[in-house]
Colleague: 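Got a structure here, written out as structure tokens. Questions coming.
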Amino acid sequence: MEKNQNNERGWPLWEIFIRSKQGLDHKHVGSLHAADAAMAIENARDVYTRRMEGVSIWVVESKYVHASNPDEAASFYDPANDKVYRHPTFYDLPDELKHM
Amino acid sequence: MSLIEFETTFQDKVDQDIRIEPKDWMPDAYRKTLIRQISQHAHSEIVGMLPEANWITRAPTLKRKAILIAKVQDEAGHGLYLYSAAETLGITRDEMIGQLHSGKAKYSSIFNYPTLTWADMGAIGWLVDGAAIMNQVPLCRASYGPYARAMVRICKEESFHQRQGFEILLVLSRGSEEQRRMCQDAIDRWWWPSVMMFGPSDDASPNSELSMRWKIKRFSNDDLRQRFVDICAEQVKLLGMTLPDPDLRWNEERGHFDFGPIDWEEFRNVINGNGPCNKERLAARVKAHEDGAWVREAALAHANKRAAREGQEAA
């Protein structure tokens with residue numbers, strides 16, 4: 001396991017994900033500072049679920065989140081750009097066709 | 001891409017109401033403006049806890065005490081949402097707190113007024129939070145994504161703040177003669193500072209135009225102020241109280257209430273540190289931060305020690 005490489009005086013930043021109810025995805029709601037994961041979860045409860053907004057909390061230290069580069073979005077998503085046939089509406093079928 | 005092209009792409013996105021996200025290219029001035037505005041807003045939430053915390057121990061009932069604690073807790077939360085949003089722009093939490101404590105960063109001047117009676121808790125909720133909501137609702141559509149999302153969360157929670165404030169005043173307004181006097185006195189003291197919360201009038205607000213173009217701001221200071229006056233002028237009637245403005249009257253032609261001149265000299269004085277409580281508020285913030293230093297250090301030392309121990313066990 002990687003050591004907590006925190007040389008600054010401050011607490012590291014954590015990204016917070018909350019499941020608002022059973023059956024739904026965890027969703028990113030924001031971030032906060034905490035000394036460790038346990039504190040991040042408790043702080044997330046106090047900051048993001050004061051009105052029962054969640055039934056489950058995930059916390060991830062921000063430095064472990066890797067993201068795609070928005071400046072390269074055009075080329076990055078290009079492969080899917082010309083494949084309209086992946087969508088059901090691409091196919092022109094008679095109106096009489098039912099249950100499809 | 002050249003700088004001009006980046007700027008054009010950026011402005012096109014803003015014009016089309018496509019949100020700007022942290023890693024997107026943005027002009028330096030946009031970034032700076034947002035950092036200033038969001039951090040000031042965060043500071044206002046945090047300093048705003050002080051005048052109300054003053055009444056937690058003296059709230060008249062257990063119910064009122066619980067409500068006031070919940071409200072002050074919300075404000076701490078709002079400060080945290082906003083600090084996090086500002087951090088996505090590349091400033092650290094420590095830098096922002098340093099700027100607040102050194103006096104470099106401002107916070108809403110309304111919190112430099114004292115809370116003298118219990119009725120002030122009502123007037124703050126109704127007027128101060130009311131003015132804040134008026135300012136904040138349009139910010140839910142601000143062009144910068146993290147700011148807009150923080151504001152959505154804040155606005156949802158803020159509504160109870162205003163309603164509990166009005167209810168406090170409503171109860172006082174139906175009480176004894178002394179309670180009614182207290183109610184009117186609080187309204188008298190908080191009205192003008194609340195009207196000033198919308199900032200300088202449009203012709204004296206040089207940054208407004210750019211903020212509008214960037215869609216950080218959607219309505220001018222004077223437009224929002226007028227809306228606030230119109231709404232409060234009606235609401236005060238339900239309390240059987242009056243607003244302390246002899247010039248306040250309905251203008252049929254404009255379809256708005258006219259109101260008297262604002263004392264901008266007082267506004268500037270309070271912003272520049274000469275309000276009744278500037279020193280006290282800042283001193284309280286600095287003390288809380290310094291008194292908490294050992295807790296922050298101990299928690300970090302504990303976390304590091306535990307991580308090191310887990311590392312050893314895994315090896």
Side-chain angles (χ1 to χ4, degrees), chain A residues 1-20 26-54 57-77, chain B residues 1 6 9 13 18 20-26 69-71 73-88 92-98 145-146 149-150 152-154 156-157 160 293 295-315:
Chain A
M1 191 186 159
E2 193 171 336
K3 275 191 186 172
N4 190 351
Q5 302 269 337
N6 190 51
N7 301 320
E8 293 172 25
R9 253 178 58 248
W11 293 343
L13 189 67
W14 301 75
E15 299 303 320
I16 312 301
F17 300 82
I18 292 188
R19 186 202 294 286
S20 57
H26 284 79
K27 193 176 158 219
H28 184 245
V29 293
S31 53
L32 52 76
H33 290 270
D36 59 21
M39 189 197 277
I41 290 175
E42 280 189 9
N43 286 359
R45 177 201 59 191
D46 294 342
V47 177
Y48 293 107
T49 65
R50 284 193 302 280
R51 290 172 176 77
M52 306 290 293
E53 290 98 333
I57 297 174
W58 285 352
V59 300
V60 181
E61 209 177 322
S62 306
K63 66 179 178 185
Y64 295 120
V65 175
H66 302 270
S68 61
N69 182 354
D71 294 339
E72 291 162 8
S75 62
F76 189 70
Y77 297 107
Chain B
M1 276 204 285
F6 273 121
T9 312
K13 276 205 242 175
I18 297 173
I20 306 300
E21 294 294 341
K23 287 177 176 242
D24 295 344
W25 188 90
M26 62 187 85
I69 290 173
K71 179 171 191 284
Q73 256 184 327
D74 272 355
E75 272 142 21
H78 297 175
L80 292 176
Y81 305 153
L82 290 162
Y83 280 131
S84 295
E87 280 174 88
T88 64
T92 67
R93 183 76 59 97
D94 281 345
E95 281 175 281
M96 285 186 275
I97 297 202
R149 291 193 287 274
V152 168
R153 203 175 282 283
I154 289 172
K156 264 189 210 160
E157 299 183 350
F160 120 68
V295 180
R296 292 191 296 277
E297 280 162 28
L300 200 56
H302 177 69
N304 286 338
K305 196 173 84 180
R306 256 213 336 224
R309 197 181 297 149
E310 279 169 25
Q312 269 174 2
E313 278 165 17

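The shown structure was predicted, so the numbers you read here are calculated from the model rather than taken from an experiment. Residue numbering restarts at 1 for every chain, and letters A, B, ... go by the order of the sequence lines.
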Colleague: Determine whether more than 12 heavy atoms belonging to other residues, nucleotides or ligands lie under 6.0 Å from atom CH2 of B/Trp25.
Modeller: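 It does: B/Trp25 CH2 has more than 12 such atoms within range.
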
Colleague: Checking side chain to side chain contact (heavy atoms under 4.5 Å, CB included) for the pair A/Arg51/B/Lys156: CA distance, chi angles, key distance, verdict?
Modeller: CA-CA 11 Å; A/Arg51 290 172 176 77; B/Lys156 264 189 210 160; over 6 Å; no

Colleague: Take A/Tyr48 and B/Arg153, measure what side chain to side chain contact (heavy atoms under 4.5 Å, CB included) needs, and give me the verdict at the end.
Modeller: CA-CA 9 Å; A/Tyr48 293 107; B/Arg153 203 175 282 283; 3.9 Å; yes

Colleague: Between B/Ser84 (side chain) and A/Ser31 (backbone), is there a donor-acceptor pair under 3.5 Å?
Modeller: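 Flag set: sc B/Ser84 to bb A/Ser31 pair under 3.5 Å.
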
Colleague: If you tally heavy-atom pairs under 4.5 Å against chain A, which of B/Glu87, B/His78, B/His302 wins?
Modeller: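 The residue among B/Glu87, B/His78, B/His302 with the greatest pair count is B/Glu87.
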
Colleague: What's the shortest heavy-atom distance between A/Ala35 and B/Ala299, and which atoms?
Modeller: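 For A/Ala35 versus B/Ala299, the nearest heavy atoms are CB-O, 3.5 Å.
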
Colleague: Holding to side chain to side chain contact (heavy atoms under 4.5 Å, CB included), I want the full list of residues that pass it with B/Glu21, two or more places apart in sequence or in another chain.
Modeller: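 Applying side chain to side chain contact (heavy atoms under 4.5 Å, CB included) to B/Glu21 gives B/Arg19, B/Asp24, B/Pro146, B/Arg149.
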
Colleague: With rounding to the nearest 0.5 angstrom, report the CD to CZ distance, B/Gln73 to A/Arg50.
Modeller: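 B/Gln73 atom CD to A/Arg50 atom CZ measures 6.5 Å (nearest 0.5 Å).
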
Colleague: Taking only residues two or more places apart in sequence or in another chain, which ones pass side chain to side chain contact (heavy atoms under 4.5 Å, CB included) with A/Ala40?
Modeller: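 Only A/Trp14, A/Leu32, A/Ala34, A/Val59 meet the side chain to side chain contact (heavy atoms under 4.5 Å, CB included) criterion with A/Ala40.
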
Colleague: Looking only at heavy atoms, what is the nearest atom pair of B/Val295 and A/Trp11, with distance?
Modeller: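 B/Val295 and A/Trp11 have their closest heavy atoms at O-CZ2, 4.4 Å.
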
